[in-house]
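Here the structure is laid out as structure tokens; the discussion comes afterwards.
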Number of protein chains: 2
Amino acid sequence: MQDKTARATKQPARNDRSQAVNADLIAVVIAVTTGEPRVLTIEQAQALPSGPFELGHRSLQSGLRAWVERQTGHQLGYIEQLYTFADRDRTGDERVQISISYLGLTREEQAERSQTHGWHGWYDYFPWEDHRAGVPSILPDIVVPRLSAWSDDAEDPGIRRDRRQRVAYAFGLDDRDWNEELVLQRYELLYEAALVAEATRGRDNGNPPSIPGRPMIADHRRILATGMARLRTKIKYRPVVFELMPATFTLLQLQRTVEALAGRLVHKPNFRRLIEEQDLVEETGETMSDTGGRPAKRFRFRQTVLVERTAAGTKLPLSRG
Amino acid sequence: MQDKTARATKQPARNDRSQAVNADLIAVVIAVTTGEPRVLTIEQAQALPSGPFELGHRSLQSGLRAWVERQTGHQLGYIEQLYTFADRDRTGDERVQISISYLGLTREEQAERSQTHGWHGWYDYFPWEDHRAGVPSILPDIVVPRLSAWSDDAEDPGIRRDRRQRVAYAFGLDDRDWNEELVLQRYELLYEAALVAEATRGRDNGNPPSIPGRPMIADHRRILATGMARLRTKIKYRPVVFELMPATFTLLQLQRTVEALAGRLVHKPNFRRLIEEQDLVEETGETMSDTGGRPAKRFRFRQTVLVERTAAGTKLPLSRG
DNA sequence: CCAATTATTCTCCAAATGAGTATAACCGAC
DNA sequence: GTCGGTTATACTCATTTGGAGAATAATTGG
């Protein structure tokens, strides 16, 4: 901005440059229970919790924390801003709607049943993202063929080639590897190809049926995808997984949590090596006689690491098999 | 949110949950000329350009792009959202002020002189961030001693130890390495220790003088720090440096740009190896007889890479010497 | 032609990473 | 109690990556 005339007449100039808008917060709150990542939802699992931010908080972050904790009874261990969206379609009136989205991690221990909100596995919304038991059949059977058809649909050969490349890259086709971080790119491709319900909603029909995967209102599934992608990236270089773990845990439990988030398996001995050589955990002294097999040592997260929290995180020694 | 009573009475519920606020955009626009990273500023280099976002754009991003290009005549090659801040102090009235900040990269070729805006080296604002010629003397001479004094000032021994650790980590003291990505952490430590002008502004004085480094209005220097940190991180895994380069360039020019951003030197042969094995560039066929020495081949960025833009970027083969 | 300067290509070595093997400690069936 | 199944834990090995330096090539200016 910095309109010179405006500056000359009024001081301070900041105020006139601002635009009056509506704003709210949207939270992607994640917990992992029994090896499944879950997201906190409202409205019959079709929406992410959202609310106004409240004056009187020092920061957006603290406002969100207070609000989520009051509404859900869940303490948020870690909060991070995701993205700010602007929209005009969402509300009927003239104003622009701004939504500031956050990622929050919690332990979902006190998971009482609630009328207003509930937890749902994030792979219900993104069934093509879970590769822990190998490539999910939905990909070769449904998603990839329909994306290929969409690519071939394009008139322009340049666009055709571009679509094919993007699909191949995002979904790890041909000789490429599956990249678990590309959650958002994949969802956006599916949206662009009108293969998710959100893309065809409200338009006159004549659209082909959507692929499996539970839809959400407005752009909430896209926001969830953003959060998943951010978390899958983050666990590789920041020790945030521990925000999702109970006070003590075995290394296999930790591994299962990481695998649940990443949607793919890791090599057990290497995972162990990685965790230990980074001094992220320490033994409690106790062991745990789990299912069958030799008892596992219990570990706890080393608090010292939190001070240098930017320290090396939890890289993923991915396995190919 | 999701207040059940509210939902029962009014539909859709989204509207009532929203909060009326003022919002504007703040841009960190970066260019690199003659080996110096520069930032686009207004108000005698003391503020980042900012303005309202305009209705009628599909996204915040496109609104920002149009606005910056119209105001400055600079095409933004790359735009990325940085962070959204909320404030109450900034404006006099009741409303909350929201600022959505963006990072933009440009080529600063048509750098005409302008009354309203100008370019300034980002190390003018952060002199302790430039380690290309070794550790800048301001660090051992001024910054570190004053941060140490601040650490020792704390009554509580726990806080004292915590401060010392954070300082040592952020500034690479003891046996630790300098981490060029911690721009924001360093600025926030200096702010917390009241060593930058912004921290003591408006308060009754009695404060020690600030350390060198040009201040900015409001929290603009913090936003700039956020942008610098983001860019220093990003160049290591996304090919964004090329947005700052002219159409053709030598590998040394590319290296100098990366070094200017990172604030530290890289090992020439390894930098070359990295760039070439990733197929990021291709030869134009021409050469350039530069200063003294053997003529260098000219390269251009390979457009193909843009399709798989998420492809491996430009890691930094840092050197110790 | 020589010295200085920059470009370009290689080699070397150490650390990080992917993958597989071997041994230990428990359970339950028999 | 012994055996088979199961998980825990500890090593080993090969390959890749990343930091560092040496060697060679092509200019310019004395």
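These numbers were taken from a predicted model, which means no experiment stands behind them.
Between the CZ atom of B:Arg294 and the P atom of D:dA25 there is a distance of 9 Å, given to the nearest Å. Atom CE in A:Met288 sits roughly 15 Å away from atom C1' in C:dC27 (whole-Å rounding).
For B:His267 against D:dG18, no side-chain N or O and base N or O form a donor-acceptor pair under 3.5 Å.
The side chain of B:Arg273 lies closest to D:dG19, out of D:dG19, C:dA25, C:dA19. Closest to the side chain of B:Asn270, out of C:dA25, C:dT21, D:dA20, is D:dA20.
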Check your understanding: Could you write out DNA chain D as a dot-bracket string, with dots for unpaired bases, | for bases paired across to another strand, and Watson-Crick or G-U pairs counted at under 3.5 Å?
Key -> ||||||||||||||||||||||||||||||
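For A:Arg272 and D:dT9, the shortest distance from a side-chain N or O to OP1 or OP2 is below 4.0 Å. Phosphate proximity of C:dT8 to B:Lys268: absent, as no side-chain N or O sits under 4.0 Å from OP1 or OP2.
Looking at A:Arg232, its side chain never comes within 3.5 Å of a backbone N or O of A:Val183 through a donor-acceptor pair.
B:Leu251 comes within 4.0 angstrom of no nucleic acid atom, judged by non-hydrogen atoms across all strands. Residue B:Lys297 is classed as a sugar-phosphate contact, given heavy-atom separations below 4.0 Å to backbone atoms only.
Between the side chains of B:Thr287 and B:Arg298, not a single donor N or O lies within less than 3.5 Å of an accepting N or O.
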Review point. Does the side chain to side chain donor-acceptor pair (under 3.5 Å) test come out yes or no for A:Glu80 and A:Tyr78, once each step is laid out?
Key: CA-CA 7 Å; A:Glu80 160 176 335; A:Tyr78 176 81; 2.5 Å; yes
